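Here the structure is laid out as structure tokens; the discussion comes afterwards.
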Amino acid sequence: QMHVAESGGGLVPAGGSLRLACTLSGRTYGSYAVGWFRQRPGTEREFVGTISGSGDKIFYTYAVKGRCTISRDNAKNTVYLQMVSLKPEDTAVYFCAAGVIPTERAGLYEYWGQGTQVTVSS
């Protein structure tokens, strides 16, 4: 069993930055890809970006490309989502999930966190 937990959300002004963390525990951390998703008010959950278990494959959705960076620290069993130049439309609950392969398809991730709220004020 894998336990996934997000942290680092909060209130930030437009143009600001935030770093979210996704901590994994339980099974072999390094073998799992980790994806980031978000759910904005009144919308369905959407893909943000993902990183492979080895860290050699990383890709993002077009809406955040250039403003988000995903990295992983295997020593801390943690994957980070660094966001810069935040916009009010980035306001959402951000989720991370662990799975076998890095993919934009939410259904292929096995383990999910509870989410962390990010609010960007205008």
Side-chain angles (χ1 to χ4, degrees):
Q1 187 68 20
M2 171 79 74
H3 180 67
V4 179
E6 305 92 343
S7 61
L11 175 65
V12 61
S17 301
L18 206 60
R19 187 177 77 163
L20 305 183
C22 175
T23 303
L24 283 67
S25 59
R27 289 190 160 184
T28 307
Y29 157 80
S31 65
Y32 279 83
V34 172
W36 284 97
F37 294 80
R38 67 184 182 185
Q39 188 162 16
R40 293 184 279 185
T43 69
E44 294 185 353
R45 192 172 299 187
E46 61 181 350
F47 171 74
V48 175
T50 186
I51 184 168
S52 62
S54 62
D56 63 339
K57 293 185 179 64
I58 306 172
F59 54 93
Y60 308 90
T61 189
Y62 180 79
V64 304
K65 202 169 185 179
R67 299 190 299 119
C68 286
T69 302
I70 296 175
S71 61
R72 63 193 301 156
D73 183 341
N74 289 345
K76 296 182 178 179
N77 288 357
T78 301
V79 172
Y80 300 99
L81 174 64
Q82 176 73 50
M83 301 185 289
V84 300
S85 301
L86 283 162
K87 308 173 183 179
E89 52 264 42
D90 293 317
T91 294
V93 178
Y94 284 73
F95 301 87
C96 65
V100 175
I101 59 170
T103 175
E104 69 273 21
R105 295 173 60 185
L108 295 183
Y109 289 90
E110 299 174 61
Y111 305 102
W112 288 80
Q114 294 298 307
T116 185
Q117 176 70 48
V118 171
T119 302
V120 183
S121 61
S122 57

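Residue numbers run from 1 in the order of the sequence given. Note that the structure is a prediction, hence the values are computed from the model and not measured. Just so you know, these numbers use all the heavy atoms, side chains as well, and skip hydrogens, waters and symmetry mates.
- Minimum interatomic distance between Gly9 and Val118 (heavy atoms only, all atoms of both residues): CA-CG2, 4.1 Å.
- Hydrophobic clustering, with ILVMFWY side chains joined whenever heavy atoms are under 4.5 angstrom apart, groups Val64 together with Val12.
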Worked verdict on Thr116 versus Leu20 for side chain to side chain contact (heavy atoms under 4.5 Å, CB included): CA-CA 8 Å; Thr116 185; Leu20 305 183; 4.1 Å; yes
Verdict with reasoning, Leu11 to Gln117, per side chain to side chain contact (heavy atoms under 4.5 Å, CB included): CA-CA 8 Å; Leu11 175 65; Gln117 176 70 48; over 6 Å; no
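- Tyr94 has its side chain within reach of Met83: a pair of non-hydrogen atoms, C-beta onward, lies under 4.5 Å apart.
- Nearest heavy-atom pair across Thr43 and Gln39 is O-NE2, 3.1 Å.
- Between Ala98 and Met2 the shortest heavy-atom distance is CB-CG, 4.5 Å.
- Scanning all heavy atoms of the two residues, the minimum distance from Ser52 to Asp56 falls at OG-OD1, 2.8 Å.
- In this structure, the ring pair (Phe, Tyr, Trp, His ring centres under 6.0 Å) partners of Phe37, at least two apart in sequence or on a different chain, are Phe47, Tyr109, Trp112.
- Annotation: the span from Ser71 atom OG to Gln82 atom CD amounts to 8.0 Å, rounded to 0.5 Å.
- Judged by distance alone, the side chain of Tyr32 and the main-chain N or O of Glu110 form no donor-acceptor pair under 3.5 Å.
- Minimum heavy-atom separation, Glu89 to Arg40: O-CD, 3.0 Å.
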Steps toward side chain to side chain contact (heavy atoms under 4.5 Å, CB included) verdict (Cys22, Trp36): CA-CA 9 Å; Cys22 175; Trp36 284 97; 3.5 Å; yes
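- Looking at heavy atoms from C-beta onward, Tyr80 lies in side-chain contact with Asp73 at the 4.5 angstrom threshold.
- The side-chain heavy atoms of Thr103 and Thr50, taken from C-beta on, include no pair separated by under 4.5 Å.
- The distance from the CG atom of Leu86 to the OG1 atom of Thr119 is 11.0 Å, given to the nearest 0.5 Å.
- For Pro102 against Ala33, the heavy-atom pair with the smallest separation is N-CB, 3.4 Å.
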Derivation of the side chain to side chain contact (heavy atoms under 4.5 Å, CB included) call for Arg38 and Asp90: CA-CA 9 Å; Arg38 67 184 182 185; Asp90 293 317; 2.9 Å; yes
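- Both the sub-6.0 Å distance and the 45° axial angle are satisfied by Arg45 relative to the ring of Phe95.
- To the nearest 0.5 Å, atoms CD1 (Ile58) and CD1 (Ile51) are separated by 4.0 Å.
- Transitive grouping of hydrophobic side chains (ILVMFWY, heavy atoms separated by less than 4.5 Å) brings Tyr111 and Val48 into a common cluster.
- Within the 3.5 Å criterion, the main-chain N or O of Gln114 finds a donor-acceptor partner in the side chain of Glu6.
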